[in-house]
Amino acid sequence: MGRIHAFEIEDQAWCPAPIRDAATDFLQFALHLGNQYAPIAPLLADALRRAGTTRIIDLCAGGGGPWSRLLPALHEAGIRSEVCLTDRFPNHEAFRAASERSGGALSFEPEPVDATAVPSHLRGLRTVFTAFHHFEPEAARAILLDAVRARQPIAVFEATERTAPAVAGMVFSPLLTLGVTPFIRPRRISRILLTYLLPVVPLVVLWDGVVSCLRTYSVPELEKLVAGIPESGTYDWSIGKVKSRAPVPVTYLIGVPAGG
């Protein structure tokens with residue numbers, strides 16, 4: 001199945017913030033509930049050690065990322081990391097809530113951050129969870145190139161896959177949205193209304209979930225992106241898949257400055 005770069009609703013500037021935030025809040029809750037990224041904790045720990053840093057700059061963090069599960073796993077591996085959440089459309093309420101729950105391990109950048117041009121003061125291992133597929137090849141390569149030129153390590157992880165079973169699995173996402181929305185914190189009247197009275201959020205989650213699968217880069221495509229970076233030889237790259245707790249494996253791309 002070839003890669004199809006259809007549009008995701010939450011990516012669009014015209015998408016109302018209550019709808020975008022409700023969708024990213026759901027994704028955040030689903031990541032915590034399913035803990036799909038648990039198997040990548042050793043990869044993340046190894047990248048931090050090789051890069052000689054404990055600081056993480058989480059790009060495209062959406063509703064807060066998978067850190068409620070991953071930070072304890074890193075601590076068990078002997079790494080006390082600090083994570084700064086960033087996004088092009090920052091979900092300030094979700095970021096503040098995640099920061100408060102973390103006991104100070106999570107902070108956030110209040111201003112919008114472009115993953116293709118990260119501000120110089122945000123230094124550390126750059127991570128991209130369940131978001132790299134949002135970018136067309138030129139922009140995706142620009143994300144990697146910006147990290148390389150800034151001499152910052154980068155780690156990309158995707159819990160979606162461009163396969164028929166993965167796409168079929170998204171059919172059940174509206175039912176999951178309806179089932180878990182009462183348990184998502186912080187509670188918002190807008191989320192309740194847009195889920196049950198006018199079921200926009202379940203439909204957005206369904207559409208964006210299917211499109212996410214269709215947009216996800218394969219391992220050969222990630223290798224091609226890296227090969228197109230002139231300075232790629234100055235980095236050590238690892239690209240592959242790791243079995244997840246979900247039926248779909250996690251695809252990863254990790255780049256660390258050579259010698260790190």
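F95 and G64 get closest at one heavy-atom pair: CE1-N, 4.0 Å. Contact record, L74 with S81: CD1-OG, 3.8 Å, taken as the closest heavy-atom pair. A pairwise comparison of heavy atoms in M170 and C213 identifies CE-SG, 3.8 Å as the closest pair. Closest approach of A140 and L225 over heavy atoms only: CB-CD1, 4.0 Å. Between N91 and G62, the shortest heavy-atom distance links the atoms CB-O, 3.6 Å. A pairwise comparison of heavy atoms in A115 and D146 identifies O-OD2, 4.4 Å as the closest pair.
Between D236 and R50 there is a side-chain heavy-atom pair separated by less than 4.5 Å. A 4.5 Å side-chain heavy-atom check between E109 and P90 finds every atom pair outside the cut-off. Between I154 and W237 the shortest side-chain heavy-atom distance falls below 4.5 Å. At least one side-chain heavy atom of R245 sits less than 4.5 Å from a side-chain heavy atom of N35. Under the 4.5 Å side-chain criterion, counting only non-hydrogen atoms from C-beta, L44 is in contact with T127. Contact annotation: the side chain of I229 approaches that of R141 to within less than 4.5 Å [non-hydrogen atoms, C-beta and beyond]. The closest side-chain heavy-atom distance from L31 to F129 is not below 4.5 Å. Taking the side chain as every heavy atom from C-beta outward, D21 and E93 never approach each other to under 4.5 Å.
Looking at S244, its side chain never comes within 3.5 Å of a backbone N or O of V250 through a donor-acceptor pair. The closest donor-acceptor contact from the side chain of R162 to the backbone of T216 lies under 3.5 Å. Using a distance-only test at 3.5 Å, with no hydrogens or angles considered, a donor-acceptor pair links the side chain of S99 to the main chain of L106. A distance-only check finds no donor-acceptor pair linking the side chain of R188 to the backbone of R185 [under 3.5 Å]. Looking only at distances, a side-chain donor or acceptor of Y37 sits under 3.5 Å from a matching main-chain atom of A159. At least one donor-acceptor pair under 3.5 Å links the side chain of D87 to the backbone N or O of A61.
At a threshold of 4.5 Å between side-chain heavy atoms, the hydrophobic network of Ile, Leu, Val, Met, Phe, Trp and Tyr places L59 and L43 in two separate groups. Two different hydrophobic clusters hold F157 and V248 under the rule that ILVMFWY side chains link at heavy-atom gaps under 4.5 Å. No continuous path of ILVMFWY side-chain contacts below 4.5 Å connects L193 to V204, so the two sit in separate hydrophobic clusters. Grouping the Ile, Leu, Val, Met, Phe, Trp and Tyr side chains by contacts below 4.5 angstrom, directly or via other members, places W67 with I40. No single ILVMFWY cluster, assembled from side-chain heavy atoms under 4.5 Å apart, contains both I254 and V219.
Atom CD1 of I19 is separated from atom OG1 of T24 by 12.0 Å, given to the nearest 0.5 angstrom. Here CG of D58 is found 9.0 Å from SG of C84. Values are rounded to the nearest 0.5 Å. Rounded to the nearest 0.5 Å, atoms CG (L122) and CD1 (I57) are 5.0 Å apart. Atom NE2 of H134 sits about 10.5 Å away from atom CD1 of I143, to the nearest 0.5 Å. Note that the CG atom of L27 and the OG1 atom of T177 stand 10.0 Å from one another [nearest 0.5 Å]. Distance CD1/I192 to CG/L198: 13.5 Å, rounded to 0.5 Å.
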Determine, stepwise, if the pair F26 / T195 fulfils side chain to side chain contact (heavy atoms under 4.5 Å, CB included). CA-CA 11 Å; F26 165 75; T195 299; over 6 Å; no
Going through the checks in order, is the side chain to side chain contact (heavy atoms under 4.5 Å, CB included) test met by R80 and T54? CA-CA 7 Å; R80 293 277 174 179; T54 58; 6.0 Å; no
Apply side chain to side chain donor-acceptor pair (under 3.5 Å) to S212 and T160, showing your working. CA-CA 7 Å; S212 293; T160 53; 5.7 Å; no
Side chain to side chain contact (heavy atoms under 4.5 Å, CB included) assessment of C60 paired with F135: CA-CA 11 Å; C60 312; F135 300 89; 3.9 Å; yes
Show, in sequence, the C-alpha distance, side-chain angles and deciding distance for T53 and L48, and conclude whether the side chain to side chain contact (heavy atoms under 4.5 Å, CB included) test is met. CA-CA 5 Å; T53 184; L48 287 165; 4.0 Å; yes
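Between E82 and R55 a salt bridge is recorded (basic side-chain N to carboxylate O distance below 4.0 Å). Taking a cutoff of 4.0 Å between a charged side-chain nitrogen and a carboxylate oxygen, R215 and D11 qualify as a salt bridge.
Residue pairs that meet the ring-ring contact (aromatic ring centres under 6.0 Å, His included) test with at least one member in residues 180-225, sequence neighbours left out, are F7-W207, F132-Y217.
Looking at E8, H5, R3 one by one, the single match for side chain to side chain donor-acceptor pair (under 3.5 Å) with H133 turns out to be E8.
Atom CZ of R123 has 12 or fewer neighbouring heavy atoms from other residues, nucleotides or ligands inside a 6.0 Å radius. Shown here is R69, whose CZ atom has more than 12 heavy atoms of other residues, nucleotides or ligands within 6.0 Å.
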